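Lettering of chains follows the sequences in order, A, B, ..., and the numbering in each one begins at 1. Just so it is clear, the structure is predicted and the values come from calculations on it, not from any experiment.
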Amino acid sequence: MLSCKDITHIASEGLEKEMPFFKRLQFSMHLAMCKNCRHFMDQIELTVNTLSKLEPVKPDQSYVDEQVSSLMNIAQTMHKKES
Amino acid sequence: MKTADYSDQDFLIKQLLESDENAFRYVVSHYHQSMLYVAKSIVGPAIAEEVIQEAWVSVIKALPKFEGRSSLKTWVLRIVSNSAKTRLRKESRNIAVGDAIDVEVACLPDDRFRENGHWGSAPQHWNIATPDELLSRDGLKDLIYKTIDSLPPIQQSIISMRDMDGLEMSEICKILDVSESNSRVLLHRARAKIWQAIEKFQD
């Protein structure tokens, strides 16, 4: 029988539907009986879905400007060598 | 006039090959954070930025031969990983990613549970059903970014590649040289940390 602590350990496996049959059965049985773990699973799923909506943090504008100028130079130098 | 859509990968690659400044601006803005996480995971923070510079040179050199078998971002992250590993080899350092991962470490503090393993301090119901509702809360987006920032580099890498960029776990394992079981443990620990931060925010 899985405990609530066990459920919190394997929650991501549960979300990604990658459990062997008997483990999945035990997992589902526990969730059917335990409101607290259902809350936990719903909230972990919401957390993951929220992360998928976030864009990665963008670097500072000055960093982007500097980097772009350096990459453009490299690209143009390479094109010149090729032609 | 139609605006250029750099999120269209074929268009983006075509523009990069033509040295379109805005295309470079797009990739630097959108890829840098993930590149930094991968580099930091493999070589550590001190030389991660140098590794990124080396990787960009390789990306520009190899771009005409890019075959599109993965997304451009995945391909770029693989190049960062290769640059980082080459750098480690040059410095005769071992690749340390994925070492010393203690799979027994709990993802939540023990004091949340009673001795029998059932909840002592159980999660409360959230009156929020969607990511949009969650993100509409003032300060929550910043809190999530800050929490990701506080994670160990390997967890930052895995959660950003898996949950934000949508890479397959098998691809992430190859990029970071981590076993599938370890990467799953690390991903779950990172998710649990973010869940705890959101839970605290709700109180």
field: Nearest atoms (heavy-atom pairs only) where B:Trp119 meets A:Asn36
entry: CD1-CB, 3.4 Å
query: Highest number of heavy-atom pairs under 4.5 Å with chain B: which of A:Pro59, A:Cys4, A:Cys37?
result: A:Cys4
Structural part of B:Ile52 lying under 4.5 Å from a heavy atom of chain A: side chain
message: Could you report the tightest heavy-atom contact between B:Ile128 and A:Leu46, atom names first, then the distance?
response: O-CD2, 3.7 Å
Heavy-atom pair count under 4.5 Å with chain B, highest-scoring of A:Leu2, A:Leu71, A:Ile7, A:Leu15: A:Leu71
message: Between B:Gln53 and chain A, with a heavy-atom cut-off of 4.5 Å, which part of the residue counts as in contact: side chain, backbone, both or neither?
response: side chain
field: Among the listed options A:Glu13, A:Glu16, A:Lys35, the residue most often paired with chain B at heavy-atom distances under 4.5 Å
entry: A:Glu16
- prompt: Highest number of heavy-atom pairs under 4.5 Å with chain A: which of B:Ala122, B:Ala129, B:Ser29, B:Ser160?
  reply: B:Ser29
query: Heavy-atom distance under 4.5 Å to chain A: side chain of B:Arg112, backbone, both or neither?
result: neither
task: With rounding to the nearest 0.5 Å, note down the distance linking CG in A:Asp60 to NE2 in B:His32.
output: 9.5 Å
message: Heavy-atom pairs under 4.5 Å with chain A: which of B:Lys141, B:Arg162, B:Glu199, B:Arg114 has the most?
response: B:Arg162
query: Highest number of heavy-atom pairs under 4.5 Å with chain B: which of A:Thr8, A:Ile10, A:Asp42?
result: A:Thr8
- request: Heavy atoms only, distances under 4.5 angstrom: which of B:Gly166, B:Ala192, B:Pro123 has the most pairs with chain A? Name it, please.
  value: B:Pro123
message: Report which part of B:Glu49 has an atom under 4.5 Å of a heavy atom belonging to chain A: side chain, backbone, both, or neither.
response: side chain
- prompt: Is there a side-chain contact between B:Asp110 and A:Lys5 (heavy atoms, below 4.5 Å)?
  reply: yes
message: Angle between ring planes, B:His125 versus A:His39, binned at 30° and 60°: parallel, tilted or perpendicular?
response: tilted
message: Give me the atom names and distance for the closest heavy-atom approach of B:Ser19 to A:Met72.
response: O-CE, 3.3 Å
message: Can you tell me which portion of B:His188 sits under 4.5 Å from chain A's heavy atoms? Options are side chain, backbone, both or neither.
response: both
statement: Closest heavy-atom pair, A:His9 versus B:Cys107, reported as atoms and distance to 0.1 Å, is CE1-N, 4.2 Å
- request: Using non-hydrogen atoms and a 4.5 Å limit, figure out which bit of B:Ile148 sits close to chain A: side chain, backbone, both or neither.
  value: side chain
task: For atom CD of B:Glu133, decide whether the heavy atoms of other residues, nucleotides or ligands shown that lie under 6.0 angstrom number more than 12.
output: yes
Region of B:Leu135 in contact with chain A, defined by heavy-atom distances below 4.5 Å: side chain
message: So for B:Asn116, is it side chain, backbone, both, or neither that comes closer than 4.5 Å to the heavy atoms of chain A?
response: backbone
Smallest separation among heavy atoms of A:Ser3 and B:His118, with atom names: CA-CE1, 3.9 Å
query: Which pair of non-hydrogen atoms, one from A:Ile44 and one from B:Arg191, has the smallest distance, and what is that distance?
result: CD1-O, 4.3 Å
query: What parts of residues 49-58 of chain A touch chain B if we use heavy atoms and a cut-off under 4.5 Å?
result: A:Asn49, A:Thr50, A:Leu51, A:Ser52, A:Lys53, A:Leu54, A:Glu55, A:Pro56, A:Val57, A:Lys58
Over 12 non-hydrogen atoms of neighbours within 6.0 angstrom of NZ in B:Lys40: yes
- prompt: Do you know which of B:Tyr37, B:Tyr145, B:Tyr31 has the most heavy-atom pairs with chain A at a distance under 4.5 angstrom?
  reply: B:Tyr145
